[in-house]
Amino acid sequence: MSEWLVLAIAMALVCALVLAMTVIRHRRVADDEDTSETPDVIEYMTMMVGVVYAIVLGLAIAGVWEARGAAEDSVRREAQSLYEVTQRADVYPAPVRDRIRGEVDAYVSHTVSVDWPRLVAGKEASPEGAQLLGKLRSDVTHQSPASELQAQAYQPLLDQIAAADDARHSRTQSDESTLPSVVWVGLLVGGVVTIGLIFTLQIRRSGRELLLAGLFSALIVFLLFMVWSFDAPYGRDGTDSAGAFEDLFPALSVTASR
């Protein structure tokens, strides 16, 4: 099921629930109940709860956004380092150059077609990726420079492979949820309480008030959905977050897993 479809269904259900409860409450209100005014203490408490929840929600959004950005940066560094390896290998003879590029292509294809679905599903990266990168490092390390130009490219090649390895470790270690379970409990309970405060303000059945109540409820659901979506550093489905690899290695069949 598409994420947008899930969001639309959740927003529709919450809005319908809030509006239905508002109508039911209005029908059951006592004849002598004054719905024209709200006690000052209730308005103060409502304002405080709303401000506190807004701060917590804002911090959660900032946290998952920062984690998503760090994950994307790790992917970009890994892809760029591997691309530099393929370009700097041009100084070697054709057999060596083709072998190095073939090993890079094999690693990239495995990363996107095998590792990425595992990362999206919340699983650990397969050990084969580390083996492929280790084989590339070993081949470059044991390739003795035969000319001055190869000697100048030798150490930068190893540095780029080391940078790719470091970025890979960062990528595999940042695939888990950013927010702990206790924070999610607080966000969900806080959302329910914040929406529930609508009924303490003596809301009535006028079209304007019902519209505002529905929009407010939909906004809370949307913000929680945004936190949930960004809480997965590499997305909830597909390989869109692997775009850096696909941009730098367009000739590879890296979309087979889609």
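Note that the coordinates shown come from a computational prediction; the quantities given were computed from them, not determined experimentally. By convention here, the first residue in the shown sequence is residue 1.
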**Message:** If I take atom NE2 from residue H110 and atom CH2 from residue W116, how far apart are they, to the nearest 0.5 angstrom?
**Reply:** 12.5 Å
**Message:** Would you say that L179 contacts L187 through its side chain, given a criterion of any heavy-atom pair below 4.5 Å between the two side chains?
**Reply:** yes
**Asked** V18 and L211: same hydrophobic cluster, using ILVMFWY side-chain contacts below 4.5 Å?
**Response** no
**Request:** Return yes if some donor-acceptor pair links the side-chain N/O of D115 with the main-chain N/O of S126 below 3.5 Å, else return no.
**Result:** yes
**M226 vs W65, side-chain contact (heavy atoms from CB on, under 4.5 Å): CA-CA, chis, key distance, verdict** = CA-CA 10 Å; M226 185 168 61; W65 183 274; 6.0 Å; no
**Request:** Look only at the side chain of T111 and the backbone of Y107, and say whether a donor-acceptor pair between them is shorter than 3.5 Å.
**Result:** yes
**Request:** Before accepting this row, confirm whether a basic side-chain N of the pair R101/D98 lies closer than 4.0 Å to the acidic partner's carboxylate O.
**Result:** no
**Request:** Give a yes or no on this: more than 12 heavy atoms of other residues, nucleotides or ligands lie within 6.0 Å of atom CD of E66.
**Result:** no
**Item:** With sequence neighbours excluded, residues passing ring pair (Phe, Tyr, Trp, His ring centres under 6.0 Å) with Y53
**Value:** none
**Prompt:** Would F222 end up clustered with L224 when hydrophobic side chains under 4.5 Å apart are linked, directly or stepwise?
**Reply:** yes
**Prompt:** For the side chain of R118 and the backbone of E124, is there at least one donor-acceptor N/O pair under 3.5 Å apart?
**Reply:** yes
**Prompt:** Which value, rounded to the nearest 0.5 Å, describes the distance between L57 atom CG and I220 atom CD1?
**Reply:** 6.5 Å
**Item:** L82 side chain near F249 side chain, heavy-atom distance below 4.5 Å
**Value:** yes
**Asked** Donor-acceptor pair, R77 side chain versus D166 backbone, under 3.5 Å?
**Response** no
**Request:** Please examine the side chains of L219 and L215, heavy atoms only from C-beta on, and report whether any two atoms are closer than 4.5 Å.
**Result:** no
**Request:** Go through the structure and list residues passing side chain to side chain donor-acceptor pair (under 3.5 Å) with R137, not counting sequence neighbours.
**Result:** D165
**Asked** Atom CZ of F216 and atom CG of L212: how far apart are they, to the nearest 0.5 Å?
**Response** 10.5 Å
**Message:** For D159, give me all partners under side-chain contact (heavy atoms from CB on, under 4.5 Å), at least two apart in sequence or on another chain.
**Reply:** Q155
**Prompt:** Under a 4.5 Å cut-off applied to non-hydrogen side-chain atoms, are L136 and L133 in contact?
**Reply:** yes
**Interatomic spacing from OG1 in T141 to CG in L157 - rounded to 0.5 Å** = 10.0 Å
**Message:** Any side-chain to backbone donor/acceptor pair from S109 onto A106? Under 3.5 Å, distance only.
**Reply:** no
**Item:** S138 side chain vs G134 backbone, donor-acceptor pair below 3.5 Å
**Value:** no
